[in-house]
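First the proteins, then the strands, lettered A, B, ... as listed; each starts at 1.
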Number of protein chains: 2
Amino acid sequence: MTRNGRAPSVKDVAAAAGVSLGTVSNVLNRPAVVSTATRERVERAMAELGFIRNESARQLRAGTSRALAYVMLDGGNPFFHDVAEGIETAAEDADLSLFVCNSNGRGDREAKHLDRLVQQRVQGILITPADPDAPHLAEIAQRGTPFVMVDRLSRAGDHCSVSVDDVLGGRIAVEHLIDRGHQRVAFVGGPSHIGQVRERLQGAREVWAEFGLPADDLINLPTEAMTVTEGRSAGERLAGLPSRRRPTAAFCANDLLALGLLQHAVTAGLRVPDDLAIVGFDDIDFAAAAAVPLTSVRQPRQELGRTAARLVLDEATNPDHVHEQATFVPALVARASTGLVRRS
Amino acid sequence: MTRNGRAPSVKDVAAAAGVSLGTVSNVLNRPAVVSTATRERVERAMAELGFIRNESARQLRAGTSRALAYVMLDGGNPFFHDVAEGIETAAEDADLSLFVCNSNGRGDREAKHLDRLVQQRVQGILITPADPDAPHLAEIAQRGTPFVMVDRLSRAGDHCSVSVDDVLGGRIAVEHLIDRGHQRVAFVGGPSHIGQVRERLQGAREVWAEFGLPADDLINLPTEAMTVTEGRSAGERLAGLPSRRRPTAAFCANDLLALGLLQHAVTAGLRVPDDLAIVGFDDIDFAAAAAVPLTSVRQPRQELGRTAARLVLDEATNPDHVHEQATFVPALVARASTGLVRRS
DNA sequence: TTGTATGCGTTATCAC
DNA sequence: GTGATAACGCATACAA
């Protein structure tokens with residue numbers, strides 16, 4: 001602290017070094033233009049005073065910050081971390097900071113974060129929203145803040161997005177199960193207003209019909225959320241079904257549900273995959289690390305993040321930017337949880 | 001965008017509403033002092049122009065930002081999320097933003113984040129550092145930025161910290177195993193320059209000695225990191241031990257290691273806990289959700305975060321602040337992974 | 001109740 | 001090569 005209780009400024013450095021404020025600025029921004037002697041004197045003064053550039057002042061002057069932001073949907077789901085890692089990588093390359101916020105699925109918290117970020121004048125906002133069609137999102141896109149939706153799609157297409165073909169994801173998951181000989185399969189996921197849940201279910205239903213299987217044998221087990229706890233409770237409901245209705249396999253809308261279901265199955269003495277095969281979605285690291293390694297539909301998580309960052313930066317810097325909806329193709333990763341099917 | 005391609009400012013609003021800049025500012029900060037008629041006129045102008053306060057300008061003027069920051073050690077470990085949630089709760093209560101950064105265990109990335117945060121003039125920095133004694137941390141504390149170390153302790157005590165009694169944690173974990181009849185136990189953890197690892201091992205050794213068990217029968221299985229993958233590899237080494245040396249139980253320095261070890265054990269056909277009992281540390285949600293629910297040493301994760309935020313806010317606002325090292329007491333949560341021990 | 005003036009720290013433009 | 005000065009957007013002390 002110098003003078004007034006604030007941190008030392010260029011002014012203080014200038015005084016200490018016996019030069020003008022402009023010269024200090026030159027040392028900072030165009031060192032080549034200042035003589036070695038004075039430069040060193042200024043640098044010494046900066047070191048002695050512990051001078052640190054004030055980013056708000058730079059930002060005020062520059063009119064824009066040097067930061068991106070990502071508003072995560074669920075910090076407790078490792079999937080979003082991996083996405084964030086991808087974003088961070090790209091941000092680092094562009095020499096930008098990344099502010100990571102977490103809405104935890106709460107629309108009000110999301111809105112609060114967004115307000116703050118716009119006030120901060122971040123260069124761009126990446127978000128996996130609780131509701132892709134929420135009005136506060138449309139506002140932001142219209143205001144002109146570069147904006148990319150991550151792992152979601154909105155009805156209005158006036159912004160960039162990166163996502164995965166969820167219908168296809170549902171298809172390959174269930175096709176895998178049909179291949180394995182399953183004729184009665186549960187779909188575990190919800191709430192159904194989540195686009196992903198609907199689309200993964202749709203994909204599941206499509207293949208199911210294409211293989212000529214009766215619609216009744218694809219059983220819907222809705223959940224309140226996409227969490228381990230909800231997966232466990234779905235397991236209980238599944239176990240409670242009359243045995244002639246009980247599925248031999250389950251396709252879960254994400255890996256957390258699958259892990260919960262797996263846990264309940266093991267606890268209940270079911271053998272996985274013999275009594276119950278399980279497919280998850282996302283392929284988070286914990287999926288491979290489960291006691292019975294989980295078959296899952298992989299999304300390119302880091303790639304999703306990197307691409308999203310690329311798009312938002314393009315929108316921020318390229319005057320000829322056009323919005324783009326990048327779609328990735330999911331892939332099945334087969335592991336033990338669907339490995340061996342007892343055909344009876 | 002108005003005028004110069006920048007977002008509309010108070011000045012623009014003033015012009016549009018036909019009042020002075022000071023009046024606009026009054027509407028923003030002291031609405032009571034301005035007449036209803038002009039206030040409404042100003043508010044209408046703000047709405048029409050899409051005016052949004054510029055946080056950098058406010059911050060520059062105020063001399064300090066309205067944000068805290070938490071630099072996480074490992075975004076892939078849910079433990080740190082829960083800590084972050086606790087911090088966020090407290091930040092919300094104080095009406096502050098929270099910037100969450102992730103060093104991913106890399107000292108260079110940590111330093112970069114810290115640089116940026118200091119430049120941003122955040123009100124306080126919370127951090128779980130890669131190395132508690134790194135010089136860049138001491139610098140920050142000395143510069144006067146409110147600073148709290150989370151879940152770590154440094155040798156120099158010139159700052160606040162919140163942590164858990166790790167020696168005690170090690171003690172209760174191993175005491176539990178001894179209670180269960182185990183006479184040969186592995187300690188899985190590393191690298192040993194992590195204070196936590198050393199202390200948890202120390203606690204383990206203390207009880208081991210107090211029960212008069214031979215030191216050789218507490219086997220150290222060092223790991224390169226605290227990850228699921230490393231836990232799996234520790235499992236392989238454990239399985240490779242000659243059977244008369246092979247432990248009947250393992251105490252892992254965190255839950256990720258424990259989950260990896262558990263997975264390997266199950267894959268290798270070992271029954272848990274009959275052939276191998278496992279105790280983890282942290283009690284992350286995935287511990288309870290494992291196929292064999294994991295006994296673990298619980299840390300009060302959210303509480304840790306809340307307390308850290310409380311301390312940093314006290315340092316930021318209270319002139320009589322004195323540094324405090326808050327220590328929490330860990331507790332054993334017994335689950336199936338140590339549930340049944342076959343005594344032979 | 002409203003308007004005017006000043007300064008926060010930085011950068012850039014222009015003289016010298 | 002260096003110094004003086006203005007501007008970014010906002011908040012406030014003070015004047016009208």
Exercise. Any ring pair (Phe, Tyr, Trp, His ring centres under 6.0 Å) involving residues 95-114 of chain A? Give me the pairs, sequence neighbours left out, ordered by first then second residue.
Key: A:F99-B:F99
Self-check item: Nucleotide C:dT2, atom P - distance to CD of B:E40 in whole Å
Solution: 12 Å
Quiz item: Do any pairs count as a ring pair (Phe, Tyr, Trp, His ring centres under 6.0 Å) and have a residue in residues 123-162 of chain A, sequence neighbours left out, and if so which ones?
Solution: A:F147-A:H159
Practice problem: Sequence neighbours left out, what passes side chain to side chain donor-acceptor pair (under 3.5 Å) with A:S103? Give chain and number order. | Solution: none
For nucleotides 3-6 of chain D, print each protein N/O atom paired with a nucleotide N/O atom at under 3.5 Å, atom names and distance only.
| from | atom 1 | to | atom 2 | distance (Å) |
| --- | --- | --- | --- | --- |
| D:dG3 | OP2 | A:S20 | N | 2.8 |
| D:dG3 | OP2 | A:S20 | OG | 3.4 |
| D:dG3 | OP2 | A:T23 | OG1 | 2.5 |

Exercise. Round to a whole Å and report the spacing from CD of A:Q59 to C1' of C:dC8.
Key: 15 Å
Quiz item: Which part of the nucleic acid, if any, lies within contact of B:S56, taking any heavy atom under 4.0 Å across all strands shown: a base, the sugar-phosphate backbone alone, or nothing?
Solution: nothing
Quiz prompt | Contacts of B:H321 that satisfy side chain to side chain donor-acceptor pair (under 3.5 Å) - sequence neighbours left out | solution = B:D314, B:H323
Quiz prompt | Residue B:R53, side-chain heavy atoms: nucleotide from D:dA11, D:dC8, C:dA12 that is nearest | solution = D:dA11
Quiz item: Starting at CG of B:L60 and ending at P of D:dC10, how long is that distance when rounded to a whole Å?
Solution: 12 Å
Exercise. Compute the bend angle of the helix from C:dT1-D:dA16 to C:dC16-D:dG1 from the end axes (five pairs per end), rounded to 10°.
Key: 50°
Quiz item: Is any NZ, NE, NH1 or NH2 atom of the basic residue among B:E110 and B:R116 found under 4.0 Å from an Asp or Glu carboxylate oxygen of the other?
Solution: no
Self-check item: Pairing residues for A:F80 by the ring-ring contact (aromatic ring centres under 6.0 Å, His included) criterion, not counting sequence neighbours
Solution: none
Practice problem: Please check if the side chain of B:N104 supplies one atom and the backbone of B:R106 the other of a donor-acceptor pair under 3.5 Å. | Solution: no
Practice problem: Mind jotting down which residue pairs meet the ring pair (Phe, Tyr, Trp, His ring centres under 6.0 Å) criterion with at least one end in residues 14-60 of chain B? Sequence neighbours excluded, please. | Solution: none
Quiz item: How close or far is atom C1' of D:dC8 from atom CZ of B:R58, stated in whole angstroms?
Solution: 17 Å
Quiz item: When the distance from CZ of A:R41 to C1' of D:dG1 is rounded to whole Å, what number comes out?
Solution: 12 Å
Exercise. Apply side-chain contact (heavy atoms from CB on, under 4.5 Å) to A:L313 and list each qualifying residue two or more places apart in sequence or on a separate chain.
Key: A:L68, A:A94, A:L96
Practice problem: Under 4.0 Å from any atom of DNA chain C, heavy atoms only: list the residues of residues 27-36 of chain B that qualify, in numerical order. | Solution: B:V33, B:V34, B:S35
Practice problem: Mind calculating the distance between CZ (B:R39) and P (C:dT1) to the nearest angstrom? | Solution: 11 Å
Self-check item: Sequence-distant partners of A:R66, salt bridge (charged side-chain N to carboxylate O under 4.0 Å, His left out), two or more places apart
Solution: A:E55
Quiz item: Are B:E48 and B:R41 close enough for a salt bridge, meaning some N to O gap below 4.0 Å?
Solution: no
Exercise. Look at A:K11 and C:dG7 and indicate whether a side-chain polar atom (N or O) is within less than 4.0 Å of OP1 or OP2.
Key: no
Quiz item: Between atom CD in A:E55 and atom C1' in C:dT11, what is the gap in whole Å?
Solution: 13 Å
Quiz item: Rounded to whole angstrom units, what separation is found between the CZ atom of B:R121 and the C1' atom of C:dT10?
Solution: 11 Å
Practice problem: Please state whether the phosphate of C:dC8, meaning OP1 or OP2, lies under 4.0 angstrom from any side-chain nitrogen or oxygen of A:R6. | Solution: no
Quiz item: With B:F79, which residues qualify under ring-ring contact (aromatic ring centres under 6.0 Å, His included), at least two apart?
Solution: none
